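The structure under discussion appears below in the form of structure tokens.
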Amino acid sequence: MPDTDALPRVLLDWYDVHARDMPWRVGPVQRKAGIQPDPYRIWMSEIMLQQTTVVTVRDYFQRFVARWPTVRDLAAAQDADVMGEWAGLGYYARARNLLKCARAVVDEHDGVFPADHAALLQLPGIGPYTAAAVSSIAFDLRHTVLDGNVERVMARLYDIHTPLPAAKPELMARADALTPSDRPGDYAQAVMDLGATICSPKSPACGICPWRDPCAARAAGTQGELPKKTPKKPKPVRHGTVYLAQRADGAWLLETRPEKGLLGGMLGWPGSPWVDTSEPLPHGTPPLDTDWRTLAGEVRHTFTHFHLILTVKHATVPQDTAGDFVTPDQFRPSDLPTVMRKAFDLSQS
DNA sequence: CATACGTGGTC
DNA sequence: TGACCAAGTAT
């Protein structure tokens with residue numbers, strides 16, 4: 001059994017030297033000099049980092065805080081502007097909840113992020129992990145973060161073979177027992193940095209790990225097979241049709257998708273429902289009665305729980321055609337979610 | 001507890 | 001090349 005009193009100290013010492021630089025992060029040296037993180041930026045980064053890598057988040061974060069420097073700025077933004085800026089980052093419910101949360105902070109908390117874990121948990125898009133991350137990292141309160149990194153580190157440190165998600169309560173208990181009252185914010189970032197860099201999913205760098213000596217999995221040689229996970233279900237393949245209509249002035253016929261469900265609230269091309277490939281290719285109802293040309297090739301895209309094959313139809317229509325056309329000066333292909341941008345790219349090739 | 005919910009990088 | 005994986009949340 002590792003000495004649980006010494007472990008957090010060892011990790012904090014490692015973090016003092018190896019903390020990675022991130023645009024939202026106040027590093028250990030600055031923090032010791034009394035500089036506190038901006039809760040708005042910590043919250044923003046934590047929402048973006050949900051199921052998303054630091055490398056991907058970095059540029060999105062910079063664009064968001066440059067465009068909306070404070071939570072009040074964000075709360076006052078147009079929905080379509082925020083969704084467009086989020087396009088390509090995925091999990092679009094995060095963007096919808098980002099706006100709801102910003103407006104709740106302004107309306108219910110006088111524009112100031114609450115430090116309290118329970119209060120944070122009441123806000124849209126903030127669950128157990130993010131509430132703990134914001135209260136610890138932004139306010140240096142002692143809360144235990146349990147994300148994918150910490151789960152992996154704990155499973156290895158204590159050689160826990162119970163598969164996820166059943167192992168979560170035990171992993172949380174282990175993580176909580178290690179969380180120190182001194183520098184809990186730096187500790188939270190340190191244990192996640194450790195999981196992201198040293199204690200990685202494949203071929204962990206045990207030789208340079210600050211916790212190599214107390215690590216039970218390393219002693220047992222099981223680090224490569226932990227954490228165990230319950231097998232995933234196979235992804236079905238679905239297919240459908242999308243319609244790209246371009247007016248004489250170059251404007252495109254687009255629609256804002258319904259708030260709920262896949263790509264909710266995002267810009268997209270009109271099209272058919274997407275059905276299993278065991279069924280015939282659906283054509284849906286074309287948005288205009290015109291001469292549609294089927295483009296060569298197809299769009300292939302994989303979502304979290306299914307593969308999609310899209311047939312893309314294109315038409316050039318007269319200037320006086322009625323509909324929600326977006327003019328070239330207002331159309332940014334980067335406002336489209338990736339699957340829709342792939343259809344656009346096919347029409348341009 | 002299971003499922004829906006994106007995308008890009010990696011091996 | 002396809003499966004796995006990433007600082008999870010909502011229902």
Side-chain angles (χ1 to χ4, degrees), chain A residues 20 22 24-25 41-61 83 86-98 100-101 120-134 136-138 143-153 163-169 172 175 185 187-197 199-204 224-225 227-238 257-266 268 274 300-308 334 336-342:
Chain A
R20 292 185 291 168
M22 300 176 195
W24 51 85
R25 174 172 284 179
R41 293 165 64 95
I42 297 301
W43 162 74
M44 175 85 70
S45 69
E46 289 300 339
I47 300 298
M48 289 183 170
L49 285 164
Q50 290 169 7
Q51 300 290 287
T52 310
T53 60
V54 170
V55 172
T56 301
V57 164
R58 188 178 295 268
D59 290 344
Y60 279 88
F61 176 84
M83 300 312 288
W86 195 276
L89 198 52
Y91 282 140
Y92 298 101
R94 291 184 297 170
R96 303 194 298 273
N97 286 328
L98 190 82
K100 285 184 193 167
C101 183
L120 287 165
L121 209 43
Q122 294 304 311
L123 292 166
I126 296 185
Y129 163 75
T130 304
V134 171
S136 63
I137 297 171
H143 287 281
T144 302
V145 293
L146 187 69
D147 71 333
N149 288 307
V150 181
E151 288 173 354
R152 185 171 56 256
V153 170
L164 286 167
K168 284 197 179 195
M172 174 53 107
Y187 177 82
Q189 295 174 92
V191 67
M192 290 191 285
D193 270 20
L194 184 74
T197 59
C199 196
S200 50
K202 293 170 184 171
S203 52
E225 55 192 75
K228 294 200 181 292
K229 299 190 175 183
T230 52
K232 293 174 182 175
K233 295 167 61 174
K235 297 179 182 191
V237 183
R238 298 179 186 164
R257 298 171 60 85
E259 282 289 305
K260 301 274 183 182
L262 193 70
L263 309 179
M266 296 300 292
W274 302 338
R300 288 176 171 272
H301 191 75
T302 299
F303 292 103
T304 309
H305 53 297
F306 66 94
H307 302 286
L308 179 66
S334 64
L336 297 171
T338 299
V339 65
M340 298 297 173
R341 187 178 49 69
K342 286 182 181 178

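Being a predicted model, the structure only gives us computed values, none of them experimental. Letters A, B, ... are given to chains in the order of the sequence lines, protein chains preceding strands, and every chain is numbered from 1.
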Can any side-chain N or O of A/Asn97 pair as donor or acceptor with the backbone N or O of A/Lys100 at less than 3.5 Å? no
When rounded to the nearest Å, what value does the distance between P atoms of C/dA7 and B/dC11 take? 15 Å
Does A/Thr304 have any side chain to side chain contact (heavy atoms under 4.5 Å, CB included) partners at least two apart in sequence or in another chain, and if so, which? A/Tyr91
Range on DNA chain B touched by chain A, heavy atoms, distance below 4.0 Å: B/dT3 to B/dG8
By side chain to side chain contact (heavy atoms under 4.5 Å, CB included), A/Pro201 pairs with (sequence neighbours left out) A/Arg152
Do nucleotides 2-11 of chain C as a string where each nucleotide becomes B, S or -: B if the base has a protein heavy atom under 4.0 Å, S if just the sugar-phosphate does, - if no protein is that close. ---SBBBSS-
Which part of the nucleic acid, if any, lies within contact of A/Ile47, taking any heavy atom under 4.0 Å across all strands shown: a base, the sugar-phosphate backbone alone, or nothing? nothing
Taking the C1' atom of each, how far is B/dC1 from C/dA6, in whole Å? 23 Å
Whether A/Arg94 side chain and A/Gln50 backbone form a donor-acceptor pair below 3.5 Å: yes
Would you mind classifying the nucleic acid contact of A/Gly261 as base, sugar-phosphate or nothing, using non-hydrogen atoms under 4.0 angstrom? sugar-phosphate
Please measure how far the C1' atom in C/dC5 lies from the corresponding atom in B/dG6, and state the result in whole Å. 13 Å
Judged by each residue's nearest nucleotide on DNA chain B, which is more toward the 5′ side, A/Gly90 or A/Ala166? A/Ala166
Between A/Glu46 and A/Tyr129, a side-chain donor and acceptor under 3.5 Å: yes
B/dC5 and C/dG2: how far apart are their P atoms, nearest whole angstrom? 23 Å
Side chain to side chain contact (heavy atoms under 4.5 Å, CB included) against A/Ala138, all qualifying residues, sequence neighbours excluded: A/Pro39, A/Ile42, A/Val134
Aromatic centroids of A/Phe303 and A/His301 separated by under 6.0 Å: yes
Only counting residues at least two apart or in another chain, list the ones meeting side chain to side chain contact (heavy atoms under 4.5 Å, CB included) with A/Met172. A/Thr144, A/Leu146
